[in-house]
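The block underneath contains the structure these notes are about, expressed in C-alpha cells.
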Amino acid sequence: MQYNHPIVIQGGMGIAVSDWRLAKTVSQTGQLGVVSGTAINSVLVRRLQDGDLDGSCRRALKAFPSQAIAQKILDTYYVEGGKAPQQPYKRPPMFSIESPKALLQLTVAACFVEVWLAREGHNGVVGLNLLEKVVLPNLACLYGGLLAGVDYVIMGAGIPREIPGALDLLSENQKATLKVPVAGAAEEVVTSFDPQEVMEDTALAPLKRPFFFPIVSSAILAANLKKKSTGRVDGFIVEGPLAGGHNAPPRGPMKLNDKGEPIYGERDEVCLKEMAALELPFWMAGYYATPEKLQEVRAMGAHGVQVGTLFAFSNESGVKQELKEKALHTIMTENAPEGGWIFTDPRSSPTGFPFKAARIPGTISEETIYASRKRICDLGYLRHAYQKEDGGIGQRCPAEPVNDYVKKGGLAEDTVGRKCLCNALMADVGMGQIQAGGQEEISLLTAGDDLNNVTRMLKDGKKSYSARDVVGYLLGLEERAEISRETTTHP
Ligand SMILES: Cc1cc2nc3c(=O)[nH]c(=O)nc-3n(C[C@H](O)[C@H](O)[C@H](O)COP(=O)(O)O)c2cc1C
C-alpha cells in the first residue's frame with residue numbers, strides 16, 4: 001500500500017534554524033516539519049545555560065526514558081535564570097571515534113528533546129535532518145530521534161548508504177556502526193553506538209523504524225542508493241544548486257564565474273523522468289517554493305517539494321529575531337547588490353562543499369570583520385579525521401588556527417578562506433560563544449537564491465510572516481485543484 005506522505009516538506013536547517021517550534025508549526029498544518037539534529041548537543045546545553053526560560057527543554061527531559069541521564073545533564077549544564085550575558089557558555093567535549101559515554105548520552109537526550117517537543121500535542125508527522133559528513137554524532141542523534149518517535153529521517157551532505165541499516169538495528173536497540181573516512185589510514189575505521197551500553201540500566205522496548213529519505217543531486221546517485229544501501233530507502237529529496245545551506249559541488253572540475261561562484265551546467269540538472277522511473281516518491285528542493293512549480297513537478301512525477309529559505313525567514317524559525325527582521329527589512333527597502341542577495345562561496349565551508357551566504361549588511365560577517373576574528377576550533381563538528389604518525393587518529397579542521405592545521409599534517413592552502421561555520425551558525429540562532437578576551441562570535445546567515453523573492457510573503461504592508469502562511473501559499477493551487485477534482489467526482 002502506498003503511504004500518504006505529505007506534499008510539502010519543510011527542509012531541515014542547521015544549526016537550530018529548523019528547531020522544534022518551526023517543525024511543530026509545519027507539522028500541525030498536516031505537512032512535514034523537520035528538526036535539525038546538527039550540533040544538537042551544543043544547542044541543548046546552551047539553551048539550558050540560557051535558563052530554559054519557558055521550561056520546554058526540562059519538560060522534554062522529564063519524558064526521557066532515563067531520568068538518571070536527564071538529571072546528570074541538568075546538574076552539569078542547567079543555570080537557573082540563565083548565565084550572565086558576557087559569561088562564555090560551558091562546552092561539552094568534542095566528538096571522537098570513541099566518544100565518552102556522557103557525550104553520547106547528552107547527544108541522545110538532545111535529539112530526543114528536539115523531536116519530542118516538535119511532536120508534542122498534535123498528531124502530525126515530524127522528521128529529523130542530519131548531515132552525513134558530520135559522522136561522529138550521527139548514531140547517537142538517530143537513536144535519540146527514534147526514542148522520541150521520529151517519523152522521517154532525511155540526510156544529505158554525503159552519501160548516506162549505511163544509514164538505512166543503522167536505523168534497522170537501532171530501532172531494535174542493537175549496536176550500529178558507521179565507517180569514518182580517515183585521511184591516510186590503511187585500514188577501515190568505524191565508529192559505533194550501542195544503545196544498551198549508552199542507556200545503561202534503562203528498559204528498552206523496540207522502536208518505530210522511521211522512513212528514510214536521502215538527499216541526492218542526481219538520479220544516478222538515487223538509483224545507486226536504492227540498490228546499494230544497507231537497508232530500505234523510502235524516497236528521495238532531489239536538491240539543486242540554488243538551495244540554501246551547503247550545495248553539492250558541480251559535476252566535473254570546479255570552475256568559477258567572475259564573481260568567484262561555482263558554475264553549474266546542464267550536467268547538474270536532474271531528469272525527473274529518471275527519478276520517477278525509480279518508483280519511489282521524491283520531492284524537489286532548491287528554488288521550487290511556488291504553487292506553480294509545485295504543480296508542475298507533481299505533474300512530472302514528483303510527490304512534492306522541500307522548502308527551506310521561506311521557512312528560515314518565517315516567525316517560527318530559530319534565526320535570531322533581529323537578524324530576520326534586518327534581512328527582511330533590507331530586502332524590502334533596498335536594491336539588491338549585482339547578482340542578488342546570495343553568494344555561493346566555494347571556500348568558506350570546512351566540508352569543502354560550496355556554501356551559500358546571504359549578502360545582507362548587518363546580518364553577516366563582512367569579510368573585513370571576519371578577518372579580524374581570531375581562529376579557534378572549539379565545537380569541532382566539521383573536523384576531518386586523519387591518521388597520525390604515532391598510529392592514533394587525530395582530527396583537524398581547515399578553519400582552525402593555520403599553525404595547528406599544518407602541524408597536524410594539513411596543507412596551508414586548504415585553510416585559505418575557510419570560516420568557522422560551527423560558531424557562526426550558533427551565533428545566527430542567538431547562542432554565539434563569548435570567546436577569550438570577550439570577543440563575540442559573528443554570524444553568517446545562509447539562505448538559498450529564493451531569498452531574492454522573499455517579499456512575495458510580505459504583501460499588504462506585512463513585515464513578517466508565519467510558517468503557516470508559507471504552507472498556505474504553497475498549497476493554494478493544489479487545494480483549489482483538489483476541490484475542483486472533488487466537485488467533479490462527487491457532483
Ligand atoms: C538556513 C538554511 C539552513 C540549511 N541547513 C540545512 C541542513 O542543515 N541540512 C540540509 O540537509 N539542508 C539544509 N538546508 C537546505 C534546506 O533543507 C532545503 O533543502 C533547501 O533550502 C530548499 O531550497 P530553498 O531554499 O530554495 O527552499 C538549509 C537551508 C537553509 C535556508
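Worth saying up front: this structure is predicted, and the values here are computed from it rather than measured. We count ligands from 1, going down the list as the structure has it; atoms in each ligand are counted the same way.
- Any N or O atom pair closer than 3.5 Å counts here, and Ser36 shares no such pair with ligand 1.
- Here's the thing with Gly286: one of its N/O atoms is less than 3.5 angstrom from an N/O atom of ligand 1.
- Note on ring orientation: taking the six-membered ring where Trp is involved, the planes of His246 and Phe353 are perpendicular (angle over 60°, cut-offs 30° and 60°).
- Atom numbering of ligand 1 starts at 1 in the shown order; those under 4.0 Å from a heavy atom of Thr446 are 1 (C), 2 (C), 3 (C).
- Side-chain atoms of Arg46 and Tyr77 include no donor-acceptor pair closer than 3.5 Å.
- Close approach to Gly11 involves these atoms of ligand 1, each under 4.0 Å from a residue heavy atom: 17 (O).
- In this structure, CE in Met332 is found 12.5 Å from CD in Glu334, a value given to the nearest 0.5 Å.
- Numbered from 1 in the order shown, with element, the atoms of ligand 1 that lie under 4.0 Å from a heavy atom of Ile215 read 11 (O).
- In terms of polar-atom proximity, defined here as any N/O pair under 3.5 Å, Asp450 makes no such contact with ligand 1.
- If you number the atoms of ligand 1 from 1 as listed, the ones under 4.0 Å from a heavy atom of Gln306 come out as 17 (O), 18 (C), 19 (O), 22 (C).
- With respect to the salt-bridge test (charged N to carboxylate O, under 4.0 angstrom), the residues Asp345 and Lys356 do not qualify.
- The protein heavy-atom contact nearest to atom 26 (O) of ligand 1 is Tyr287 N, 2.7 Å.
- Residues passing the salt bridge (charged side-chain N to carboxylate O under 4.0 Å, His left out) test with Arg209 are Asp168, Asp234, sequence neighbours excluded.
- At a 4.0 Å heavy-atom cut-off, ligand 1 does not touch Met155 at all.
- The proximity of Leu445 to ligand 1, defined as any non-hydrogen pair under 4.0 Å, does not occur for either the backbone or the side chain.
- Close approach of ligand 1 to Val307 (heavy-atom distance below 4.0 Å) involves ligand atoms 27 (O).
- Interface atoms of ligand 1 facing Glu239, defined by a heavy-atom separation under 4.0 Å, are 15 (C), 18 (C), 19 (O), 20 (C).
- In this structure, Gly12 has a heavy atom closer than 4.0 Å to ligand 1.
- Scanning all protein heavy atoms for the shortest distance to atom 3 (C) of ligand 1 gives Met13 CB, 3.4 Å.
- Contacts between Leu310 and ligand 1, counted as non-hydrogen atom pairs separated by less than 4.0 Å, are absent for every part of the residue.
- Protein heavy atom at the shortest distance from atom 15 (C) of ligand 1 is Gly244 O, 3.4 Å.
- Counting heavy atoms of neighbouring residues, nucleotides and ligands inside a 6.0 Å radius, atom NZ of Lys255 does not exceed 12 of them.
- Using a 4.0 Å cut-off between charged side-chain N and carboxylate O, Arg456 and Asp450 make a salt bridge.
- When Gly308, Gly14, Ala289, Gly245 are checked for heavy-atom proximity to atom 5 (N) of ligand 1, Gly14 turns out nearest.
- If you look at Asn129 next to ligand 1, the close heavy atoms, those under 4.0 Å, all belong to the side chain.
- Note on residues 138-155: pairs passing salt bridge (Lys or Arg N to Asp or Glu O under 4.0 Å), not counting sequence neighbours, are Arg119-Asp151, Asp151-Lys208.
- Backbone and side-chain nitrogen or oxygen atoms of Thr38 are examined, and none is located within less than 3.5 angstrom of a nitrogen or oxygen of ligand 1.
- A salt bridge links Glu441 with Arg373: the distance from a Lys NZ or Arg NE/NH1/NH2 to an Asp or Glu carboxylate oxygen falls below 4.0 Å.
- Rounded to the nearest 0.5 angstrom, Thr351 OG1 and Leu131 CG are separated by 9.0 Å.
- For atom 25 (O) of ligand 1, the nearest protein heavy atom (residue, atom name, distance) is Thr309 OG1, 2.5 Å.
- Aromatic ring pairs are classed by plane angle as parallel below 30°, tilted from 30° to 60° and perpendicular above 60°; the pair Phe211 and Tyr152 is tilted.
- Summarising the geometry, atom CG belonging to Leu32 is positioned 8.5 Å from atom CD belonging to Gln306; distances are rounded to the nearest 0.5 Å.
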